[in-house]
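See structure below.
Chain A is the first sequence line, chain B the second, and so forth, proteins listed ahead of strands; every chain is numbered from 1.
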2 protein chains.
Amino acid sequence: MNLKELSSILGLSQTTVSRALNGYPEVSEETRDRVQRAADRHNYRPNTRAKGLATGRAMAIGHVIPVSPRIDMVNNPIFGDFIAGAGEAYSKAGYDMVLTVVEDDREADAYRQIKSRGTVDGVVVHGPRTHDSRITLLNDLQIPFVVHGRSSGIDEPYCWVDVNNRRAFSRATDFLLDLGHTRIALINGLEFMDFAIRRRAGYEASLIARGLPVDPELLRSNVMTELYGYRDARALLALDRPPTAFLVASMICAIGVRRAIQDCGIRLGRDVSVVTYDDMLSYLPNGDDVPIFTASRSSVRVAGRLSGELLLERIANPDAPCRGELLEAELMVGQSTGPAPAS
Amino acid sequence: MNLKELSSILGLSQTTVSRALNGYPEVSEETRDRVQRAADRHNYRPNTRAKGLATGRAMAIGHVIPVSPRIDMVNNPIFGDFIAGAGEAYSKAGYDMVLTVVEDDREADAYRQIKSRGTVDGVVVHGPRTHDSRITLLNDLQIPFVVHGRSSGIDEPYCWVDVNNRRAFSRATDFLLDLGHTRIALINGLEFMDFAIRRRAGYEASLIARGLPVDPELLRSNVMTELYGYRDARALLALDRPPTAFLVASMICAIGVRRAIQDCGIRLGRDVSVVTYDDMLSYLPNGDDVPIFTASRSSVRVAGRLSGELLLERIANPDAPCRGELLEAELMVGQSTGPAPAS
DNA sequence: CGGGTATTCCAAAGCGCTTTAGTTCGTTGA
DNA sequence: TCAACGAACTAAAGCGCTTTGGAATACCCG
């Protein structure tokens, strides 16, 4: 069923039918009703491609997902929840979501293609690094975009949605310091990722504010898998002066840390404390009433929704100044922390 | 840069330029070269929508992701890896991937929309249940599709890619029985999901084959989160006659089971054995050389790639008979299993 | 009653591509 | 020498929609 057929059934021109369905005023309410009912009855929906061709808008948002051995965004456990949040925003506004999985060295080319092929009206940038070249590229290409996170070292304006990682980790560090811990390890994500840099900065700032040294021995940076959480924690616990507390980059990682602690025969929350970051993944809830881990938490799904909404707003209004949205993580005290053991 | 501009630069007709770029024989090799070079130089890429309109093909594959409080596919931790695999197949063939996040009671409508709006050439169906109505619907709508999994109780033919869940769980049960376990708990996924049914069938078949009863007390069925893994295991361990072994539906779930076991003060692999199912998620590797958990494993990423390839094949050749692809999981013995303790 | 003004509708152009149905021209065979 | 043919190219229709620039009708006012 297409517009031509529908309008001939109704005995109206395509113009009128199109206008009736798109809410233009040049058509009587009576006709509009009649058209609307006929459209429903015949299950008519305008062809996306034709509509896009005619309007110049794709009604779709792109997410370019770089994959590589080095860093694999789609493998990131937060991806599903972020997409769910963004998808919510899109479907409410009648937009589709287009994913492009691409080798990470061809990511720039993917954005150029997007521009020239016109498949989407805007893109969301995932996993920004410091000095992220994608931001400059997208600004040059004039593709509307929103970054999930920020990129230190980029001066030009851009829209973003981010968690206050620095403050979250500074707060968490303060919390552990207040419990009397002085040797606090940081099991961080890869430190070319912007969020990891900010987290480390927050951690260091809190230590320095109390006149404590930043011991490089206690800093680890790795992909955030269970396995690396385990390994890093094992290595840290084997030190001559092991840490009494851990600051961990993600729940998955923290699970590895927990395993390491148990393998060492010591007890979580008593012998050693752990504060983690919790993205509130739906399949990995941090306990129900009482959190298992003490954690800074902020819903990545909400971040996805906000990113989607911000991007749609930007597309509708490309000349408005760039906006950023800073979410605050909330510190939930759970069972994985306690006072520093007397040494 | 569009076809019209490019052809006027070249002093050729749009027809010739289009044919040159699409490899048609009615154009001399010399001209083809000239056109190709000009296209490269001017960074020309045909507009997807226009091409789609003209050819009737969207060059895109759809994934409809139902979300609801009840069951949330996108929340499923395997989603990211599956998508990565499928995306690989698509990008190799020049296809885009379109995700539609939709309330699960409007899923049927989403498929109808896909059909009438013509946004994609085919779809992948996620998380099939028994007697899944989507299969009939998609066959009726004549949308090419591939199911990730199967649906018991559906007679009509359809394409699918699935793991032999029944055999995987039967093998795992046999393995535990061989170790002398007789009280084996099954912590299963939700049993309206087809894969969960098959897993249970495999488990039951192995018990019955050795003349052992299926004790309903030992059967749990829930969403596969860490939390429910924990709860179910706690409840099972608190029974008068607790199980000596657990068969668990996923790594995430098994992590909860491990926590429960540790909370009870008993030791995994000695006092109690666990065999899990491992989708080989990239952020949750099951150890490196020695697996942490004994597990039936099969890569969901590979399943994604195969699903994508099968669907593209079907689109290219819609009249070929439907094919199914059955993957076998492999049993990796890790540290979480041992002989049944003498009782 | 004529002219201006809404109101409601329509014909046709145009979006950027593919593809059908030619056209042109040089070559070949009888 | 001329018809037939193939190679290489082109003009134009068409994909399904939106939107511009009218046209037709009804309405109001002086």
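Classification of A/Arg301 and A/Glu88 as a salt-bridged pair holds, one side-chain N sitting under 4.0 Å from a carboxylate O. The pair A/Asp121-A/Arg314 fails the salt-bridge criterion, with no side-chain N (NZ, NE, NH1 or NH2) lying under 4.0 Å from an Asp/Glu carboxylate O. With respect to the salt-bridge test (charged N to carboxylate O, under 4.0 angstrom), the residues A/Asp162 and A/Arg150 qualify. Electrostatic pairing of B/Glu313 and B/Arg323 counts as a salt bridge here, judged by a charged N lying under 4.0 Å from a carboxylate O. Salt bridge A/Glu30/A/Arg32: absent, no basic N to carboxylate O contact under 4.0 Å. A salt bridge does not link B/Arg305 to B/Asp81: none of the charged side-chain nitrogens sits closer than 4.0 Å to a carboxylate oxygen.
When rounded to the nearest whole Å, the span between CZ of B/Arg45 and C1' of C/dC17 equals 16 Å. With rounding to whole Å, B/Glu5 atom CD is found 13 Å from C/dC15 atom C1'. Counting to the nearest Å, the P atom of D/dT18 and the CE atom of A/Met59 are 11 Å from each other. Atom CG in A/Leu21 sits roughly 17 Å away from atom P in D/dG16 (whole-Å rounding). The separation between A/Asn2 atom CG and D/dG14 atom C1' is 12 Å, rounded to whole Å. Counting to the nearest Å, the P atom of C/dC17 and the CG atom of B/Asn22 are 11 Å from each other. Between B/Gln14 atom CD and C/dT18 atom P there is a gap of 10 Å when expressed in whole angstrom units. In this structure, CG of A/Leu3 is placed 7 Å from P of D/dT18, rounded to the nearest angstrom.
Distances shorter than 4.0 Å separate none of the side-chain N or O atoms of A/Ser18 from OP1 or OP2 on D/dC17. Contact between the side-chain N/O atoms of A/Tyr44 and the OP1/OP2 oxygens of D/dC17 is found at a separation under 4.0 Å. For C/dT8, the OP1/OP2 oxygens have no side-chain nitrogen or oxygen of A/Tyr24 closer than 4.0 Å. Contact annotation: A/Lys51 side-chain N/O to D/dG16 OP1/OP2 distance is not under 4.0 Å.
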Can you give me the N/O atom pairs linking the protein to nucleotides 7-9 of chain D at distances under 3.5 Å, or say none if there are none?
unit_1, atom_1, unit_2, atom_2, d
D/dC9, OP1, B/Thr31, OG1, 2.9
D/dC9, OP2, B/Ser28, N, 3.1
D/dC9, OP2, B/Ser28, OG, 3.4
D/dC9, OP2, B/Thr31, OG1, 3.2

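Using a 30° and 60° split on the angle between ring planes, B/Tyr158 and B/Phe145 fall in the parallel class, below 30°.
Across the helix from C/dC1-D/dG30 to C/dA30-D/dT1, the helix axis at one end is tilted relative to the axis at the other end by 60° (nearest 10 degrees, each axis from five pairs).
When distances run from any side-chain atom of A/Asn47 to the nucleotides D/dC17, D/dT18, C/dG16, the shortest one goes to D/dC17.
Of the options B/Ile315, B/Val98, B/Val146, B/Leu99, a side chain to side chain contact (heavy atoms under 4.5 Å, CB included) to B/Ile61 is made by B/Ile315 and by none of the others. In summary, of the residues considered (B/Val64, B/Asn139, B/Val125), a side chain to side chain contact (heavy atoms under 4.5 Å, CB included) with B/Arg134 occurs for B/Val125 alone.
For residues 110-123 of chain B, proximity to DNA chain D is found at no residue, defined as any non-hydrogen atom under 4.0 angstrom from a strand atom.
Looking at B/Asn47, its side chain does come within 3.5 Å of a backbone N or O of B/Arg49 through a donor-acceptor pair. Of the possible donor and acceptor atoms, none in the side chain of B/Ser307 sits under 3.5 Å from a partner among the backbone N and O of B/His148. Side chain of B/Thr16 to backbone of B/Leu12: no donor-acceptor contact under 3.5 angstrom is found.
The base of D/dT19 lies close enough to the side chain of A/Thr15 for a donor and an acceptor atom to sit less than 3.5 Å apart.
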